[in-house]
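Here is the structure we will look at.
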Amino acid sequence: MQNAKLKNYLHLHFLVFIAGFTAILGELISIGSIPLVWYRMLIAGVLMLIYIKIIKLKIAIDKRTMIKFFAAGIIIALHWITFFEAIKQSNISITLAMFSTGAFFASFVEPIIYKRRIIWYEILFGIIVIIGVFLITQSEIKYINGILLGISSALFSTLFAVINGKFIEKHSATVISFYEFISGVFFITLFILFFKGGFSVEFFILSSSDWIYLFILASICTAYAFIGAVHVMKLISPYTVILSYNLEPIYGIALALLLFPATETMSPQFYYGAILILITVLLDGVFKNFKIRKRKRIISTKDN
């Protein structure tokens, strides 16, 4: 029993490490953010379809649900485009520090979607996150485009996570992911056709290293990561999963410093701001866990 539990925890942290490694691949892949996300979603969608066929999962859905999945697919495409563009406009450290502001957005987005009141400590944590962002902006103003794109990516990510939280109540995560990937490809294709003058020959000519990194990104960091996260959430408490995924920026920034020290070493003020944001995100998870446990104790007492 203990060995199985340890195995699941190790699997969870491997998934978090993979999430952090996504930013590294964004730095290594030489093509622009739009074609990068197009390839990522296309390859991941195809791999997901193969997986669906292997496990013989039914994927038929009604038109109304299809439209909802399509909208979510657009949001995740925008999240990934702004995320990778932030890396290209600044660097991995800036992008991941800004990505951590997702907890701040969640404190306002969740109450709207789930129709609950805003909690006092979420407002307090939100103010602390803003101070952290201010510190980073003051010290790294030259990366202002990357900072704004990173914040936009965090907002899209929060919207996507909250909306998917509603979908998962009625639908399989694999089915949701498959339709979102395909709809994302369709959305980006339309964007390229209407606003980028269509697909050029150069769009499909990539270096061998780009093909390798893209396949790793789409297979391990996307298709496998999505399926693995769903599997882990069935065996480990949601609090542990969420809190562990909050370590993604820490893993990513540490990897970036190790692999790209010349471009990723930042000013002391950046690290003050980043640490402030990350600690706030972790505290938010701890407070939420305490509240969930307290609610369970109250329910248990009433039942007895």
Side-chain angles (χ1 to χ4, degrees), residues 15 17-54 70 73-96 99 143 145-146 149-150 152-153 156-157 160 177-228 248 251-253 255-256 258-264:
L15 291 170
F17 176 81
I18 287 173
F21 192 71
T22 298
I24 305 297
L25 291 171
E27 177 71 24
L28 293 171
I29 297 169
S30 64
I31 60 176
S33 57
I34 292 174
L36 189 161
V37 176
W38 186 86
Y39 276 110
R40 178 184 189 177
M41 298 188 90
L42 177 63
I43 298 169
V46 171
L47 292 173
M48 198 70 83
L49 180 60
I50 293 169
Y51 175 73
I52 287 167
K53 293 293 184 183
I54 291 171
F70 186 87
I74 292 173
I75 292 170
I76 194 171
L78 291 172
H79 155 54
W80 281 338
I81 289 169
T82 50
F83 179 80
F84 289 117
E85 188 60 30
I87 292 172
K88 295 182 185 299
Q89 293 277 342
S90 54
N91 61 23
I92 295 167
S93 297
I94 288 285
T95 302
L96 289 176
F99 183 66
Y143 294 128
N145 288 342
L149 284 164
S152 299
S153 178
F156 287 128
S157 175
F160 168 69
S177 301
F178 170 70
Y179 281 110
E180 286 173 345
F181 292 159
I182 298 304
S183 62
V185 172
F186 183 67
F187 165 70
I188 298 172
T189 299
L190 290 178
F191 179 81
I192 292 171
L193 289 173
F194 287 102
F195 298 101
K196 293 290 183 179
F199 290 89
S200 63
V201 175
E202 289 76 17
F203 186 93
F204 299 101
I205 300 175
L206 307 180
S207 66
S208 56
S209 60
D210 277 345
W211 278 118
I212 292 168
Y213 293 140
L214 276 168
F215 186 77
I216 294 170
L217 178 65
S219 58
I220 298 173
C221 299
T222 309
Y224 166 73
F226 268 65
I227 295 166
E248 175 191 340
Y251 287 163
I253 291 172
L255 276 170
L258 186 66
L259 297 173
F260 313 109
T263 57
E264 295 295 332

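For the numbers below, each heavy atom of this structure counts, side chains included, while hydrogens, waters and symmetry mates do not. Everything numeric in this text was worked out from a predicted model, so none of it was measured.
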| task | Would you name the heavy atoms of E85 and L149 that are closest together and state the gap between them? | result | CG-CD1, 3.6 Å

| task | Kindly say whether T263 contributes a backbone atom to a donor-acceptor pair with the side chain of N91 at under 3.5 angstrom? | result | yes

| Spacing of CD1 belonging to I188 relative to CD1 belonging to I81, to within rounding of 0.5 Å | 4.0 Å

| field | Nearest-0.5 Å distance, CD1 of residue I74 to CZ of residue F186 | value | 9.5 Å

| request: For the pair L255 and E27, evaluate side chain to side chain contact (heavy atoms under 4.5 Å, CB included) and give the outcome as yes or no after the intermediate values. | output: CA-CA 12 Å; L255 276 170; E27 177 71 24; over 6 Å; no

| request: Using the side chain to side chain contact (heavy atoms under 4.5 Å, CB included) rule, take L217 and L36 through it: C-alpha gap first, then chi angles, then the decisive distance, then the call. | output: CA-CA 10 Å; L217 178 65; L36 189 161; 3.6 Å; yes

| query | Distance-only, no hydrogens or angles: does the T95 side chain make a donor-acceptor pair with backbone N or O of G150 under 3.5 Å? | reply | no

| Can you name the nearest heavy-atom pair linking D210 to I29, along with the distance? | OD1-CA, 3.5 Å

| Partners of S219 by side chain to side chain contact (heavy atoms under 4.5 Å, CB included), sequence neighbours excluded? | L47, F215

| To the nearest 0.5 Å, how far apart are CG in L214 and CG in L28? | 11.0 Å

| query | Could you state the interatomic distance from CD1 (I216) to CD1 (I43), rounded to the nearest 0.5 Å? | reply | 11.0 Å

| query | Looking at G146 and S90, what are the two nearest heavy atoms and their distance? | reply | CA-OG, 3.6 Å

| query | I92 and E264: which non-hydrogen atoms are nearest, and at how many Å? | reply | N-OE2, 3.0 Å

| remark: CD1 of I75 to OG of S157, rounded to nearest 0.5 Å, is 10.5 Å

| task | List for me each residue that meets side chain to side chain contact (heavy atoms under 4.5 Å, CB included) alongside F199, sequence neighbours excluded, and say none if there are none. | result | W38, T189, I192, L193, F203, F204

| message | For a side chain to side chain contact (heavy atoms under 4.5 Å, CB included) check, start with the C-alpha distance between Y51 and F178, then their side-chain angles and the critical distance, and finish with the verdict. | response | CA-CA 10 Å; Y51 175 73; F178 170 70; over 6 Å; no

| request: Report the residue from W80, F181, W211, F84 that forms a ring pair (Phe, Tyr, Trp, His ring centres under 6.0 Å) with Y39. | output: W211

| task | Would you indicate whether F260, at its atom CZ, is surrounded by more than 12 heavy atoms from other residues, nucleotides or ligands within a distance under 6.0 Å? | result | yes

| field | For L25 against C221, the heavy-atom pair lying closest together | value | CD1-SG, 3.7 Å

| field | Partner residues of F83 under the ring pair (Phe, Tyr, Trp, His ring centres under 6.0 Å) criterion, sequence neighbours left out | value | F99

| field | CD1-OG distance between I182 and S177, expressed to the nearest 0.5 angstrom | value | 11.0 Å

| note | Closest non-hydrogen atoms of A223 and A44, given as atom of the first, atom of the second and distance, are CB-O, 4.3 Å

| Any donor and acceptor pair, going by atom type alone, linking the side chain of T82 with main-chain N or O of L78 inside 3.5 Å? | yes

